[in-house]
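See below for the structure under consideration.
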Amino acid sequence: MTTTHPGTARPSLREWATGVTVFAAVMLMIGGVLDIMRGIAEVADDDIFVATRNYVFEFNLTAWGWIHLVLGALAFVVSFGLFMASTWARVLGVTIAGLVIISNFLSLPYYPVWSIAMITISAFIIWALCTIRKDDAPTRPTYADGGAKQTAPSPARFHTHRRTGGQ
């Protein structure tokens, strides 16, 4: 006779959620580093980018460089929060990835192939951060043996109040 255990599906969901969170953290870190490098290239030397005429969102390439540099640095920092499965990092990760998509869309005429690549990477980051439900997300870091650090319960938690006497 076979026995089914309803609790066995939950750990696999947690493992999947942990994997997706790590994927998003790594992609956000890589995207941040790539955006930092693009920003440095735009700030240092404007001659490697093609300037188009009559573009609606025309900015100085140095300004675009600073925008990409700041977004890349923020993405890099937030990726460390994602490695710790922080909720604030998920929210900021989605926000920063959205801003990276917007900034790369607006700078499409200057560096089209790279902008499309960064838009794609950022879309995967948003997908990865938005597919995890709160109850499936890892709440605390796991250790090499696969378990989480266990702490002893507080003795005050088990203290009971008893009435004595004829009350």
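Note that this is a predicted model, so its numbers are computed, not measured.
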Rounded to the nearest 0.5 Å, how far does CZ of Arg38 lie from OH of Tyr111?
-> 8.0 Å
Just how far is it from atom CD1 of Ile30 to atom CZ of Phe76, taken to the nearest 0.5 Å?
-> 11.0 Å
Can you name the nearest heavy-atom pair linking Gly31 to Met118, along with the distance?
-> O-CE, 3.4 Å
At their closest point, which heavy atom of Ser79 faces which heavy atom of Ala25, and how far apart are they?
-> CB-O, 3.4 Å
Would a distance-only check, ignoring hydrogens and angles, find a side-chain to backbone donor-acceptor pair under 3.5 Å from Ser103 to Val100?
-> yes
Any side-chain heavy atom of Asn104 sitting closer than 4.5 Å to one from Ile116?
-> no
Looking at CG of Leu34 and CE of Met27, how far apart are the two atoms once the value is rounded to the nearest 0.5 Å?
-> 9.0 Å
May I ask you to decide if the ring planes of Phe83 and Phe80 are parallel, tilted or perpendicular, using 30° and 60° as cut-offs?
-> tilted
Under a 4.5 Å side-chain heavy-atom rule over Ile, Leu, Val, Met, Phe, Trp and Tyr, are Trp114 and Ile121 clustered together?
-> yes
Measure the OG1-CD1 distance between Thr95 and Ile126 for me, rounded to the nearest 0.5 Å.
-> 8.5 Å
Shortest non-hydrogen pair, Thr62 vs Val43, comes out as O-CG2, 4.0 Å
Do you reckon Met84 sits in the same ILVMFWY cluster as Val77, going by side-chain contacts under 4.5 Å, direct or chained?
-> no
Distance in Å, Asp35 CG paired with Glu42 CD, rounded so as to fall on 0.5 Å steps = 8.5 Å
Less than 4.5 Å apart, any side-chain heavy atom of Leu82 and any of Leu129?
-> yes
Ser107 versus Ser115, closest heavy-atom pair with distance = O-OG, 3.6 Å
For Phe124, does the CZ atom sit with more than 12 other heavy atoms under 6.0 Å from it, leaving out its own atoms?
-> no
Distance-minimising heavy-atom pair for Cys130 and Val94 = SG-CG2, 3.9 Å
When rounded to the nearest 0.5 angstrom, what is the spacing between CG in Leu74 and CD1 in Ile96?
-> 4.5 Å
Between Ile101 and Ser122 the two heavy atoms that sit nearest each other are CG1-CB, 3.4 Å
